[in-house]
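Bear in mind the structure is a predicted one, so any value in this text is a computation, not a measurement. Protein chains get the first letters and strands the later ones, always in sequence-line order, with residue 1 at the start of each.
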Amino acid sequence: MSHVLTSPVYVCADNIDTDQIIPAQYLTLVPTIPDEYEKLGGYAMIGLPDDLYPTRFVPEGGLKTQYKIVIAGRNFGCGSSREHAPIAMGAAGVEAVVAESFARIFFRNCVATGELYPYDAQERLCDVLKTGDVATLDFDANTLTANGVTYALKPLGEVRPVIDAGGIFNYARQSGMIAPKA
Amino acid sequence: MTLTEKILARASGKARVQAGENVWVNVDVLMTHDVCGPGTIGVFKREFGKEARVWDARKVVIIPDHYIFTADSMSNRNVDILRDFAREQGLPYFYDVIDDPNGHWQFDASQGQHKAQYGSRYTGVCHTTLPWKGHTRPGEILFGTDSHTCMAGAFNQFATGIGNTDAGFILGTGKLLIKVPETMRFYMEGAMQPGVMAKDVILHVIGDIGFDGATYRAMQWEGAGVYGMSMDDRMTIANMAIEAGGKNAMFPCDQKTLDYVNERTKENGTKSEFEPVELEKEQSFVYDKVFDLSKLEPTVACHPDPGQRKLAKEMGNVQLDRAYIGSCTGGKTSDFLAFAEVVRGKTVKIDTFGVPATTKVVRELKDTQWGGQSVWSILESAGVRMTENASCAACLGGPVDTFGRLNTPMKCISATNRNFPGRMGNKESQVFLASPYTVAASALTGRITDPREFVS
């Protein structure tokens, strides 16, 4: 994992729930089956209402997004406990979500899977940035820079090494908490 | 300590814990279903090996309930994955759709959606099945791969939703590292007035604290008003803690709790010993508010989130296309009885769908007679499209052939628990959450209607 990420951002508002991140009809895909994991990426954020979000997150028929950073308002990832949500975003190529706040289970699933870095912003970036703006996320300095302005983010703290390791199992093995894989 | 802190302290082998502390807890029950079970099993096998055994077969409960009565082949396959795992691991608590442990599940669409297509072990919605089958016990720890797992907080149990990876970890170890949540107290005085239901209480509270007002927190319910509530009422309330972002809901244990749990553990032969947690004088809350239940009125959560609170009586100008009653929170027998009380002898004006939460609810509605007619028949006579295929159904949309799913943009009033855009199917649809009484009254008029016009 590089310590700096530069990418166009995708901006969404408050209360983006898991049904908007990955609608229920796609939950028949099982994330641990590699082919189905890839397909989940193609449906990431497809539940966003078209009138509010005219720009598609993943191009029609594609599996990957150009937006490696998602900017959001309050309560990102609220709703269901489906791990398909951070996984669909991760499979599509998203590396970080910078939100005003996160729902509990989504945040935990980001860390457990190691799919995404869930950063808390210190201000309401979803009102400042537009979809397509290019931003640079500095994981060491805990900043996001876009349009010539640098915004401070709350440090990830103890969850960062878990995500760096690729999730809770890898972290637990690296740190000797559970036995290595046979 | 608060009730949640007391359970977490006991489960982590500590004398005391406090909010914010991270503790390893021993898990009493892990529940999963057809949507998250296959992924959980995948994580378990990937991480612990193909030959791995679950930590304790009697503590794993698998309940297919989400996408069952659909011709979608992936959904049918996922039920088969659960069956293979249950057989391989010798799991006693697998509530399969079919009776043949070596069979394959395939929904037969040609038989239609109304007539039962399941075997003798199938139960229906997981959160309603858990208490029915004797898997909820005071003082214990329950994790489930479903956000509405918090419903079991009604039974003085710490219960919360987790993802597949955490669930896979539990399958292998029986433990999980969790943060002790801060506790908010909701102190209920008085009693609900006629026409007001537990659903109105929780919709009122979520409107009060906001859609994320309980994020990362425990919602503890106390007061004489709570002891006056039935276990079904408490379940309805606990179920929706997550709709305010809550980690769990927590009710004190009283005689009603003990009677309910003891009867069901005995009936099912599940573990019958348990130790409730009692209220202490010294408790620390981040929020503490008294509510007078007698002041509450029929309440609606408007599109697009459960915190958009209004009173039903203010919403008569909202025209509806559909009414829906079902789900863990709104598909219990008591919910259908309340609904039937309103529509009895009348005819619904809009498409109205009824999906019992469990197969037991189906039986009870058929067995309960009012004036020589079964409640099931009363509902059907009123024009409600009832299905015997108990499941989560259209509460969360699901595959396109799901019974009651909103396949075109429409306005639906629903006794379910969640109304974010697209929740029940079409993403341009609007869903209004309300009590079974309010949904029934609205089904009769075709617009959002205060049920006190119909309830004496």
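Between A/Phe57 and A/Tyr67, the ring planes are parallel. Angles under 30° get that label, and only those over 60° would be called perpendicular. Classification of the A/Phe102-A/Phe76 ring pair by plane angle, with boundaries at 30° and 60°, yields perpendicular.
Taking the six-membered ring wherever Trp is involved, the centroid distance between the rings of B/Phe48 and A/Phe169 falls below 6.0 Å. Ring centroid separation for the pair B/Tyr67 and B/Trp105 does not come in under the 6.0 Å cut-off.
Between B/Thr40 and B/Phe85, the closest side-chain pair of non-hydrogen atoms is not below 4.5 Å. A 4.5 Å side-chain heavy-atom check between B/Val97 and B/Pro64 finds at least one atom pair inside the cut-off. Inter-residue side-chain proximity for B/Met240 and B/His148 is flagged as unmet; no heavy-atom pair is nearer than 4.5 Å. The shortest distance between side-chain heavy atoms of A/Asp35 and A/Leu29 does not fall below 4.5 Å. Within the 4.5 Å cutoff, the side chain of B/Val25 has heavy atoms near those of the B/Leu8 side chain.
Interface remark: B/Leu396 contributes backbone and side-chain atoms alike to the contact with chain A (heavy atom separation under 4.5 Å). Only the side chain of B/Thr215 comes within contact range of chain A, judged by heavy atoms closer than 4.5 Å. The contact between B/Arg46 and chain A is made by backbone and side chain atoms together, counting heavy-atom distances below 4.5 Å. Residue A/Leu27 touches chain B through both its backbone and its side chain, counting heavy-atom pairs closer than 4.5 Å. Contact annotation for B/Asn78: only side-chain heavy atoms (C-beta onward) come within less than 4.5 Å of a heavy atom of chain A. Only the side chain of A/Ser101 comes within less than 4.5 Å of a heavy atom of chain B; its backbone N, CA, C and O stay farther away. Proximity to chain A (any heavy atom under 4.5 Å) is shown, for B/Asn426, by neither the backbone nor the side chain. Looking at A/Glu158, the atoms closer than 4.5 Å to chain B (heavy atoms on both sides) all sit in the side chain, from C-beta outward. Proximity to chain B (any heavy atom under 4.5 Å) is shown, for A/Asn15, by both the backbone and the side chain. For B/Asn417, no part lies under 4.5 angstrom from a heavy atom of chain A. If you measure heavy-atom distances from B/Glu428 to chain A, the contacts under 4.5 Å come from the side chain alone. Both the backbone and the side chain of B/Tyr216 come within less than 4.5 Å of a heavy atom in chain A. Residue contact with chain B, scored on non-hydrogen atoms closer than 4.5 Å, involves the backbone of A/Leu48 exclusively.
When A/Thr113, A/Ile178, A/Ile16, A/Asp19 are compared by the number of non-hydrogen pairs under 4.5 Å with chain B, A/Asp19 comes out ahead. In terms of heavy-atom pairs under 4.5 Å with chain A, the best-connected choice from B/Gly397, B/Ala167, B/Pro38 is B/Pro38. Between chain B and the residues A/Thr18, A/Asp17, A/Asn109, A/Asp14, the largest count of heavy-atom pairs under 4.5 Å involves A/Asp17. Interface remark: of the candidates A/Glu36, A/His84, A/Gln25, A/Arg108, A/Arg108 forms the most heavy-atom pairs closer than 4.5 Å to chain B. When each of A/Gly47, A/Gly79, A/Ser81 is scored by its heavy-atom pairs under 4.5 Å with chain B, the top score falls to A/Ser81. With chain B as partner, the option from A/Gln20, A/Arg82, A/Arg74, A/Arg104 having the largest number of non-hydrogen pairs under 4.5 angstrom is A/Arg104.
A/Thr145 and A/Thr150 share a donor-acceptor pair across their side chains, judged by distance under 3.5 Å alone.
For the pair B/Lys50 and B/Glu88, the salt-bridge criterion is not met [side-chain N within less than 4.0 Å of a carboxylate O].
Within a 6.0 Å radius of CD in B/Gln106, other residues, nucleotides and ligands contribute 12 heavy atoms or fewer.
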